[in-house]
Amino acid sequence: MRIGYPCSNLTLGVSAARTFRLASYSTDLLVRTVEANLDALQDILRWNDRHGIRFFRISSGTIPFASHPVMAYPWQSHFADRLSIIGRYIVDHEMRVNLHPGQYTLLNSIREEVVEKSIAELAYHADLLDLLGLDATNKIQIHVGGVYGDKPAAIVRFVVAYSRLPEPIRRRLVIENDERQFNLVDTLTIHSRTGVPVLLDTLHHSIHNEGETLTEALDAVKPTWDGHGPAMIDYSSQHPERRGGAHAASIVLDDFEPVLNELRWRDIDLMLEIKDKETSVLKAMEFMQVRIAQ
DNA sequence: TCATGTCAAGGCGTC
DNA sequence: GACGCCTTGACATGA
């Protein structure tokens, strides 16, 4: 089981998601920002290797404004060599990565222009992984989207939009259950109509479910990953004071232990969505080693 | 240099 | 209909 964290490494103090204001856009600023982001990404991957961490979420902000109409620069060809080198490092060190576009990526929007912009955003994510030279087990995860007062219709719109996606996106796309709208059952319904793998978020599932235990939920999502590599799972401890779904500052091992007991014998990769990122991963890995030794 | 307001983008819930 | 929230960091401005 690989355990990973998203986007930035707080110990190193470098960000691979530097950006700039749209109003400041220039080719020069874009190139400088992306170069800095790729430098940081390489530093983070090396740090991860030194600490035995082989799962990482690359920031969607690596190429700022990549799918925005303002982008007139051929970033794909300009950074192809650089991305290829980084991707080779990922492959050589048996790492796995994923990407998670933000809440504005909505394949099932009732507005066609939103769907088109979302597809453009997903195309950027697929380009990035393709230029890294990574196979289709390296995924792009999104939420299903909005309900618009009619969930069955919203699911149908998702299925239709999915069928329209170009193959480079479709082979990497996975959907995640959320804490308010589309729960495990909904995502499994979409899987049955599209074949898209279901990424289980354990915290969202604990908040929004139809009575399935964690064991049942894991058993249900597992077969959706056949042919896509080990299932990816998102885990976070609930923030003790903030609203349901808010991520904790650091991993709570008492809360993690029962989840680990469910996961440890399964072929899965676990992404920790916790504020202190790599610190919690190291805690979780140490905790797991102790448990295995017992 | 530092504090603070703002940022490309959508949808939902509350008032 | 307006607005805050999501999730979040990081930019950009003004003092």
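Keep in mind that this is a model prediction, so the values were computed, not measured. Per chain, numbering begins at 1; letters A, B, ... match sequence-line order.
Between the CZ atom of A/Arg18 and the P atom of C/dT8 there is a distance of 22 Å, rounded to whole Å. Counting to the nearest Å, the C1' atom of B/dC12 and the CG atom of A/Asn108 are 13 Å from each other. The distance from atom CG of A/Asn9 to atom P of C/dG9 is 14 Å, rounded to the nearest whole Å. Atom CD of A/Glu179 is separated from atom P of B/dC12 by 13 Å (rounded to the nearest Å).
A/Asp276 and A/Ser250 share a donor-acceptor pair across their side chains, judged by distance under 3.5 Å alone. For the 3.5 Å distance criterion, the side chains of A/Glu176 and A/His100 qualify, holding a donor opposite an acceptor. With hydrogens and angles left out, the side-chain atoms of A/Glu121 and A/Thr105 include no donor and acceptor closer than 3.5 Å. Looking at A/Asp28 and A/Ser26, their side chains never bring a donor and an acceptor atom within 3.5 Å of each other.
Relative orientation of the A/Phe65 and A/Phe20 rings is tilted, given thresholds of 30° and 60° on the angle between their planes.
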Inset, instruction - Using a 3.5 Å limit on both pairing distances, list the dot-bracket string of DNA chain C from the 5' end; Watson-Crick and G-U wobble pairs count, crossing pairs take [ ], interstrand pairs take |. - result: ||||||..|||||||

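Ring-base stacking between A/Tyr104 and B/dA9 is satisfied, the centre separation being under 5.5 Å and the plane angle under 30°.
Residues from residues 20-31 of chain A that place a heavy atom under 4.0 Å from any atom of DNA chain B, listed by number: A/Arg21, A/Leu22.
Salt bridge status for A/Arg291 with A/Glu257: present, with a side-chain N to carboxylate O gap under 4.0 Å. Salt-bridge check for A/Glu273 with A/Arg57: passed, with a basic side-chain N closer than 4.0 Å to an acidic carboxylate O.
Counting side-chain heavy-atom gaps under 4.5 Å among Ile, Leu, Val, Met, Phe, Trp and Tyr, the cluster of A/Met232 also holds A/Phe55, A/Val174, A/Leu199, A/Trp225, A/Met271.
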